[in-house]
Protein chains: 2
Amino acid sequence: MTDSKNYEEFLHQYGLKNTRPRKRVLEILFGQEELLTAEEIYQELLEAGETVNVSTVYRVLELFTEKKLVEKTFLPETRKYAFSLRMPGHVHYLICIRCHKKVDLSGCPLSEYERKVAANTGFDIIGHRLELYGLCKECRDKDAAGGTEQHE
Amino acid sequence: MTDSKNYEEFLHQYGLKNTRPRKRVLEILFGQEELLTAEEIYQELLEAGETVNVSTVYRVLELFTEKKLVEKTFLPETRKYAFSLRMPGHVHYLICIRCHKKVDLSGCPLSEYERKVAANTGFDIIGHRLELYGLCKECRDKDAAGGTEQHE
DNA sequence: GTCGTTGCAAACGGTTTGCAAATCA
DNA sequence: TGATTTGCAAACCGTTTGCAACGAC
């Protein structure tokens, strides 16, 4: 899954031409579990020695988003968009407020709720957005270590 | 609730000085059920004959947000922030994608879900954000009228 | 060869900021 | 009067766009 050929196939499956910037952006998204902003992706490309333009990165990400290949998420704290590969079933996230790690949650408790709300309000519900915020285990442990001066 | 004196009391209760811009912004927020962007609030002020500056509107809204007097919501479609009076219990919204009307939903289906997720992931869940998107009855009716060429 | 894609640089637009003048308590 | 708040204009910054050159197929 990590060699260039597979990214080409991947792009092809989504009806997209194989270009150098697209493969590289895809490569970064595959290698990263967390949300990445356009700027971060651009920086990683530069560090990898790529000569690519910011606007190209934005255009590629926009294209990927349109084709449902990636998901675009707004991060309120920094007022930026972040991107991540869109895997089937990844609809709900748990986001650590400290390290921004994103955890996928399978299963959705809202379908029944949506039905109820639709009935009560007369709305056609066409979608929802659910984010849970919290501290992941690692960050919580660091907190505990620092706060109470436990060993290390 | 509509005369100037009450806005002054309101501001005072939140520990804020009474200034003309603040009272006027508050007045607009009280008179509007829907989400308003900073720009929209600014425009309403101009139309009402106020001589106020955009940056003042932003500063007032930021202050109100800090003091939990209003709630700041990001509208993904237009990439703008919108504001509304923060009333106790208004935690979940139903938002019409067409006219941006906001409907408050009482009751939250997520507490139990949060507990389950916390147990499964090891996160401390400290909050969530839930938005349902859809078409309100009015907009849906307009759609139907336009789309199928019904009377009118 | 043709059309889509990229690089470049400039624009865009919502929001923020520095500073001096005005205003509130 | 002394601390805050406002107006103004300019900056900011993430993102978008027009256009000419480039590259995929």
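Here the structure is a predicted model, which is why all the values come from computation and not from measurement. Just so it is clear: chains get the letters A, B, ... in the order the sequence lines come, proteins before strands, and each one is counted from 1.
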Euclidean distance, atom CD of residue B/Glu66 to atom C1' of D/dT5 [Å, nearest integer]
14 Å

Assess the residue pair A/Tyr7 and A/Phe30 against the criterion (ring-ring contact (aromatic ring centres under 6.0 Å, His included)); give the C-alpha distance rounded to whole Å, side-chain angles, the decisive distance to 0.1 Å, and a yes or no.
CA-CA 10 Å; A/Tyr7 296 130; A/Phe30 261 103; 5.5 Å; yes

What's the shortest heavy-atom distance between B/Pro21 and B/Thr56, and which atoms?
CB-CG2, 3.8 Å

Check step by step if side-chain contact (heavy atoms from CB on, under 4.5 Å) holds for A/Val60 and A/Ile41.
CA-CA 11 Å; A/Val60 167; A/Ile41 291 169; over 6 Å; no

Less than 4.5 Å apart, any side-chain heavy atom of A/Leu16 and any of A/Arg22?
yes

Given side chains that start at C-beta, do those of B/Leu11 and B/Lys17 come closer than 4.5 Å, heavy atoms only?
no

Axis-to-axis angle across the helix from C/dG1-D/dC25 to C/dA25-D/dT1, five pairs an end, to 10 degrees?
40°

Which of the following nucleotides, D/dT15, D/dA24, D/dT5, is nearest to the side chain of B/Lys17?
D/dT5

Closest to the 5' end of DNA chain C, once A/Arg20 and B/Ala38 are matched to their nearest nucleotides, is A/Arg20

When rounded to whole Å, the NZ to P distance for the pair A/Lys72 and D/dG14 reads 15 Å

Salt bridge or not between A/Glu44 and A/Arg24? Use side-chain N to carboxylate O under 4.0 Å.
no

Please list, in numerical order, the residues of residues 41-57 of chain A that have a heavy atom closer than 4.0 Å to any atom of DNA chain C.
A/Thr51, A/Val52, A/Asn53, A/Ser55, A/Thr56

Looking across every strand, which nucleic acid part, if any, lies under 4.0 Å from A/Arg59 by heavy atom: base, sugar-phosphate, or nothing?
base

Geometric cation-pi criterion B/Lys72 and B/Phe83, 6.0 Å radius, 45° cone
no

Starting from the 5' end of DNA chain C, give me the residue, A/Leu63 or B/Asn18, whose nearest nucleotide shows up first.
A/Leu63

Start and end of chain A contact along DNA chain C [non-hydrogen atoms, under 4.0 Å]
C/dG4 to C/dT16

Checking side-chain contact (heavy atoms from CB on, under 4.5 Å) for the pair B/Phe10/B/Leu69: CA distance, chi angles, key distance, verdict?
CA-CA 10 Å; B/Phe10 203 88; B/Leu69 208 158; 3.5 Å; yes

Verdict with supporting geometry, B/Phe64 and B/Leu29, side-chain contact (heavy atoms from CB on, under 4.5 Å)
CA-CA 11 Å; B/Phe64 284 2; B/Leu29 287 170; 4.3 Å; yes

Steps toward side-chain contact (heavy atoms from CB on, under 4.5 Å) verdict (A/Glu40, A/Leu35)
CA-CA 10 Å; A/Glu40 285 167 343; A/Leu35 293 168; over 6 Å; no

Please determine if B/Lys80 and B/Glu39 form a salt bridge, counting it only when a charged side-chain N lies under 4.0 Å from a carboxylate O.
no

Nearest-Å distance, OH (B/Tyr81) to C1' (D/dG14)?
12 Å

